[in-house]
Amino acid sequence: MKVLITGAGGQVGLELITHLLARGDTVCATDLKERPAAAPADVPWRHLDVTDPAAVHALVQQEQPDSIFHLAAILSATGEQMPNVAYRVNQTGTYNVLEACRQVGVRQLIFTSTIAAFGPGLPDLVPNDVPMRPSTMYGVTKVAGELLGEYYHQKWDLDFRCVRYPGLISAGVPGGGTSDYALHMYTDGIKRGHYESFCHADTRIPLMYMPDAIRALVDLAAAPRERLKRCVYNIAAMSPTAAEIAESVRSAVPDVDLTFCSDPHRQAILDSWPRALDDGVARDEWGWHHEYDLDAMTAHLVPEVRKMIEHGLL
Ligand SMILES: NC(=O)c1ccc[n+]([C@@H]2O[C@H](COP(=O)([O-])OP(=O)(O)OC[C@H]3O[C@@H](n4cnc5c(N)ncnc54)[C@H](O)[C@@H]3O)[C@@H](O)[C@H]2O)c1
């Protein structure tokens, strides 16, 4: 299968490339930025700015992919600093990719939405299908992406599939999300011996370890369409408090000093997010399941972070 990835140079994209190459797909990696050092050397790397409709159309026309994994985005924290850029990349960029799919006849589009798409005032365990009233530009543009994708599915028969990711954690440099405090407890905690989280100790949001997040995308893309009753799915793995994450890091890195000092802007974003997602629909319709809980993630992640620090990558 031939797959084109937008935003391939980010935290998710780099891991996804490796996974898709390993299963034998032909991958065309695209991003606004140059090929990162961590990208596999044998993957073709093409410059693509998703805000440029002509460039998106031309590249999709030239590559003729069976499937596009559209990851390019400005994440929540950066998006609140530059809402105009977040609008252009997340909203106009997604429209441009959908239009290129329609015009060129790409069969499938995989999209990554987020817990930030929900907005405040929902039950602690948020169901798959609820009214969505996000309060950040990131959330607003991601809901719009979900709805546009559903529209293209109904109107043009595009096989649009989407996961709502929790905050993602991997041994890499985080991309400007408001869940980054969780990863920094591991990376700064191991590298510098200390880290002060920008949230309260009792902040609780849904999180997921990257191997589960990559498997979710690939499994959803491969699920038989007739089993899917919708286009957009909550997926979940764990919902620890920041204090529980700190405790898990301490169990593996005993001398680490982890403290909390809430930043009002980022705390407000975190407080507007769900505390946990109900992913029963994804489990029923395409067999989604997570493999990593908090302690399983810590056991796997700590050696990975140490390796990256040794190689000068963190
Ligand atoms: N990381 C998380 O915790 C998380 C959580 C929920 C959803 N998501 C979603 O998953 C997807 C991937 O996230 P990530 O963590 O890899 O983000 P990231 O910030 O690490 O990567 C995003 C990539 O998009 C690229 N990009 C930015 N503007 C672009 C443009 N105009 N044209 C083309 N590329 C552009 C960036 O260069 C970057 O490589 C995003 O859609 C994000 O919204 C991520």
Side-chain angles (χ1 to χ4, degrees), residues 4-19 28-39 45-53 55-56 59-60 68-79 81-82 84-97 100 109-118 134 136-146 149 162-184 205-210 212-214 216-217 220 232-238 269-270 273-274 277:
L4 186 147
I5 306 174
T6 72
Q11 196 189 359
V12 175
L14 289 171
E15 304 255 359
L16 180 64
I17 295 171
T18 306
H19 192 99
C28 174
T30 78
D31 203 293
L32 192 58
K33 65 186 178 196
E34 297 295 311
R35 175 197 291 273
W45 197 271
R46 306 290 303 271
H47 177 269
L48 182 65
D49 179 349
V50 296
T51 67
D52 179 345
V56 175
L59 190 62
V60 172
I68 296 181
F69 286 67
H70 174 43
L71 307 178
I74 303 296
L75 271 56
S76 53
T78 315
Q81 286 157 13
M82 303 186 299
N84 54 338
V85 181
Y87 184 87
R88 280 208 304 280
V89 177
N90 301 359
Q91 177 87 58
T92 310
T94 298
Y95 175 72
N96 291 341
V97 172
L109 179 63
I110 306 297
F111 182 63
T112 46
S113 187
T114 159
I115 50 171
F118 287 106
T136 59
M137 181 57 89
Y138 179 58
V140 168
T141 55
K142 285 292 183 173
V143 177
E146 292 184 12
C162 167
V163 292
R164 293 191 188 116
Y165 269 153
L168 302 181
I169 301 185
S170 66
V173 182
T178 310
S179 57
D180 289 353
Y181 67 89
L183 177 57
H184 283 301
I205 59 162
L207 295 171
M208 182 175 287
Y209 192 36
M210 191 60 84
D212 276 338
I214 299 297
L217 277 194
L220 176 58
V232 181
Y233 293 90
N234 286 357
I235 52 171
M238 56 182 120
I269 293 177
L270 288 164
W273 290 356
L277 293 189

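Start at 1 and go down the list; that is how both ligands and their atoms are numbered.
- Within the 4.0 Å heavy-atom criterion, the part of P166 lying near ligand 1 is the backbone and not the side chain.
- Of all atoms in ligand 1, listed by their number and element, those nearer than 4.0 Å to a heavy atom of K33 are 37 (O), 39 (O).
- Between T51 and ligand 1, a contact under 3.5 Å exists for no N or O pair.
- At a threshold of 4.5 Å between non-hydrogen side-chain atoms, the residues W45 and D31 count as touching.
- Contacts between S113 and ligand 1 below 4.0 angstrom, taking non-hydrogen atoms only, involve the backbone exclusively.
- Between P166 and W273, every side-chain heavy-atom pair lies at or beyond the 4.5 Å cut-off.
- By the 4.5 Å heavy-atom criterion applied to side chains, T94 and T141 are not counted as neighbours.
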* **Worked verdict on M137 versus Q91 for side chain to side chain contact (heavy atoms under 4.5 Å, CB included)** => CA-CA 10 Å; M137 181 57 89; Q91 177 87 58; over 6 Å; no

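- In L32, the parts holding a heavy atom less than 4.0 Å from any atom of ligand 1 are both the side chain and the backbone.
- Every atom of ligand 1 is numbered from 1 in the order shown, and the set under 4.0 Å from a heavy atom of D49 is 30 (C), 31 (N), 32 (N).
- Counting heavy atoms from C-beta outward, V12 and M210 have side chains that approach closer than 4.5 Å.
- Close contacts of ligand 1 with L48, meaning ligand atoms under 4.0 Å from a residue heavy atom, involve 32 (N), 33 (C).
- Shown in contact with A73 at under 4.0 Å from a heavy atom are these atoms of ligand 1, numbered in order with element: 22 (C), 24 (O), 27 (C), 40 (C), 41 (O), 43 (O).
- With hydrogens and angles disregarded, no donor-acceptor distance shorter than 3.5 Å links the side chain of Y165 to the backbone of T112.
- Within the 4.0 Å heavy-atom cutoff, G93 does not count among the residues contacting ligand 1.
- Each of the following atoms of ligand 1 lies closer than 4.0 Å to a heavy atom of D31: 23 (C), 25 (C), 34 (N), 36 (C), 37 (O), 38 (C), 39 (O).
- Contacts between N90 and ligand 1, counted as non-hydrogen atom pairs separated by less than 4.0 Å, are absent for every part of the residue.
- To the nearest 0.5 angstrom, N96 atom CG is 8.5 Å from H70 atom NE2.
- By the 3.5 Å distance cut-off applied to N or O atoms, Y165 is not counted among the residues near ligand 1.
- Heavy-atom contacts of G167 reach the following atoms of ligand 1: 3 (O) (cutoff under 4.0 Å).
- The G7 neighbourhood of ligand 1 comprises atoms 23 (C), 24 (O), 25 (C), with distances under 4.0 Å to a heavy atom of that residue.
- Taking only nitrogen or oxygen atoms, main chain and side chain alike, I74 does not reach within less than 3.5 Å of ligand 1.
- With hydrogens and angles ignored, the 3.5 Å screen pairs a side-chain donor or acceptor of N90 with a backbone N or O of I74.
- At least one N or O atom of G10, backbone or side chain, sits closer than 3.5 Å to an N or O atom of ligand 1.
- Side-chain contact between V56 and Y95 is absent, with no heavy atoms from C-beta onward closer than 4.5 Å.
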* Verify side chain to side chain contact (heavy atoms under 4.5 Å, CB included) between L270 and Y181, making sure each step is shown before the conclusion. => CA-CA 11 Å; L270 288 164; Y181 67 89; 3.9 Å; yes

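- With hydrogens and angles disregarded, a donor-acceptor distance shorter than 3.5 Å links the side chain of T6 to the backbone of L71.
- The structure places CD1 of I235 at 8.5 Å from CG of D212, a figure rounded to the nearest 0.5 Å.
- Residue contacts with ligand 1: Y138 is included, with a non-hydrogen atom under 4.0 Å away.
- One finds the CG atom of D180 at 9.5 Å from the CD1 atom of I169 (value rounded to the nearest 0.5 Å).
- Residue nearest to atom 41 (O) of ligand 1, selected from H47, E15, K142: K142 (by heavy-atom distance).
- Residue-to-ligand polar distances place L71 within reach of ligand 1: an N/O pair is separated by less than 3.5 Å.
- The shortest N/O to N/O separation between T114 and ligand 1 does not fall below 3.5 Å.
- In this structure, L75 is part of the shell of residues with a heavy atom less than 4.0 angstrom from ligand 1.
- Within the 4.0 Å heavy-atom criterion, neither part of H70 lies near ligand 1.
- In terms of polar-atom proximity, defined here as any N/O pair under 3.5 Å, L168 does make such a contact with ligand 1.
- Between A72 and ligand 1, no N or O atom pair is found at a separation short of 3.5 Å.
- Across all their heavy atoms, L207 and A237 have their closest contact at O-CB, 3.7 Å.
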